[in-house]
Peer 1: 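Just passing along the structure, written as structure tokens.
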Amino acid sequence: VQLQAYGGGLVRPGGSLRLSCAASGRTFRSYVMGWFRQAPGKEREFVAGISWSGGSTSYADPVKGRFTISRDNAKNTVYLQMSSLKPEDTAVYYCAASTMGLVRHQNAYDYWGQGTLVTVSS
């Protein structure tokens, strides 16, 4: 499966942004999908994940209550709605697909998009 993330940009603290990740292929609905991010000078970290059906989700503690992951299997797209953004959310955001369960470790994800930059600054 090929993934393409988009929707990044510059947003002020407290603002909102929605990222999208479009997937190619008919098997999108069979993948667990995740969002990761990598801030300058830091390692890539898990942000959120969603099961193939959308019935289960998982969030990293720093984004819990502010970010919402969702998917539309009919459109082969996964979303990350980000609200109450903080400067520390600044990072390149990547979407990824996994054939394993809803896990947080990036090694479990087989396919990666190219990343989209989110900058939170006044």
Peer 1: Atom CG of D72 and atom OH of Y79: how far apart are they, to the nearest 0.5 Å?
Peer 2: 5.0 Å
Peer 1: Hey, does the side chain of S51 reach the backbone of S56 with a donor-acceptor pair shorter than 3.5 angstrom?
Peer 2: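 Present.
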Peer 1: Does Q2 reach the side chain of Y111, with side-chain heavy atoms less than 4.5 Å apart?
Peer 2: no
Peer 1: For M82 and D89: C-alpha separation, side-chain torsions, deciding distance, then whether side chain to side chain contact (heavy atoms under 4.5 Å, CB included) applies.
Peer 2: CA-CA 9 Å; M82 305 183 294; D89 294 318; over 6 Å; no
Peer 1: Do other residues, nucleotides or ligands put more than 12 heavy atoms under 6.0 Å from the NZ atom of K42?
Peer 2: no
Peer 1: Would you say V1 and W35 are hydrophobically clustered, going by side-chain heavy atoms of ILVMFWY under 4.5 Å?
Peer 2: yes
Peer 1: Can you measure from OG1 (T116) to CZ (R37) and round to the nearest 0.5 angstrom?
Peer 2: 14.0 Å
Peer 1: Return yes if some donor-acceptor pair links the side-chain N/O of N73 with the main-chain N/O of W52 below 3.5 Å, else return no.
Peer 2: yes
Peer 1: Can you spot which of F36, F46, Y31 makes a ring pair (Phe, Tyr, Trp, His ring centres under 6.0 Å) with Y109?
Peer 2: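 Of all the options given, the one that passes is F36.
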Peer 1: So, R71 and T77: side-chain donor and acceptor under 3.5 Å apart, yes or no?
Peer 2: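 Per modelled atom types, R71 and T77 side chains form no pair under 3.5 Å.
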Peer 1: Evaluate the criterion salt bridge (charged side-chain N to carboxylate O under 4.0 Å, His left out) for residue pair K64 and D61; output intermediate values, then yes/no.
Peer 2: CA-CA 5 Å; K64 200 171 293 183; D61 286 344; 3.1 Å; yes
Peer 1: Nearest 0.5 Å please: distance from the CG atom of L3 over to the CZ atom of F28.
Peer 2: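 Rounded to the nearest 0.5 Å, the CG-CZ separation comes out at 8.0 Å.
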Peer 1: Would you indicate whether the side-chain heavy atoms of Q81 and S70 approach each other to under 4.5 Å?
Peer 2: no
Peer 1: As an exercise, state the distance from OG1 of T68 to CZ of R18, rounded to the nearest 0.5 Å.
Peer 2: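 Spacing of OG1 (T68) from CZ (R18) equals 11.5 Å.
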Peer 1: Ignoring hydrogens and angles, tell me if any N or O in the side chain of Y59 forms a donor-acceptor pair with the backbone of I69 under 3.5 Å.
Peer 2: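 At least one qualifying donor-acceptor pair exists.
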Peer 1: Can you hop from Y93 to V11 via hydrophobic side chains spaced under 4.5 Å?
Peer 2: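 They do share one cluster, since a chain of ILVMFWY contacts under 4.5 Å joins Y93 to V11.
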Peer 1: Let me check something: do L80 and V118 share a hydrophobic cluster, defined by ILVMFWY side-chain heavy atoms less than 4.5 Å apart, either directly or through other members?
Peer 2: yes
Peer 1: Between T99 and D110, is there a side-chain donor-acceptor contact under 3.5 Å, judged purely by atom types and distance?
Peer 2: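 On atom types as modelled, these side chains qualify, holding a pair under 3.5 Å.
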Peer 1: Decide yes or no for S121 and P87: does some side-chain heavy atom of the first lie under 4.5 Å from some side-chain heavy atom of the second?
Peer 2: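 They are not in contact (no side-chain heavy atoms under 4.5 Å apart), so the answer is no.
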Peer 1: When rounded to the nearest 0.5 angstrom, what distance separates CZ in R66 from OG in S83?
Peer 2: 9.0 Å
Peer 1: Taking atom CD as the centre, does E43 end up with more than 12 heavy-atom neighbours from other residues, nucleotides or ligands that are less than 6.0 angstrom away?
Peer 2: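 12 or below, so no.
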Peer 1: Between S98 and A108 (side chain of the first, backbone of the second, donor and acceptor by atom type, cut-off under 3.5 Å), is there such a pair?
Peer 2: yes
Peer 1: Taking V103 as the starting point, is it possible to reach I50 by hopping between hydrophobic residues whose side chains are less than 4.5 Å apart?
Peer 2: no
Peer 1: Are M33 and L102 connected in a single hydrophobic cluster, I mean Ile/Leu/Val/Met/Phe/Trp/Tyr linked by side-chain heavy atoms less than 4.5 Å apart?
Peer 2: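 L102 and M33: separate clusters.
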Peer 1: Run Q4 and Q114 through side chain to side chain contact (heavy atoms under 4.5 Å, CB included) and show every step you take.
Peer 2: CA-CA 6 Å; Q4 184 172 3; Q114 82 288 2; 3.9 Å; yes
Peer 1: Are W112 and Q106 packed together at the side-chain level, in the sense that at least one heavy-atom pair is separated by less than 4.5 angstrom?
Peer 2: yes
Peer 1: Looking at V120, is its backbone amide N or carbonyl O close enough to the side chain of T90 to form a donor-acceptor pair, meaning the two atoms are under 3.5 Å apart?
Peer 2: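 Present.
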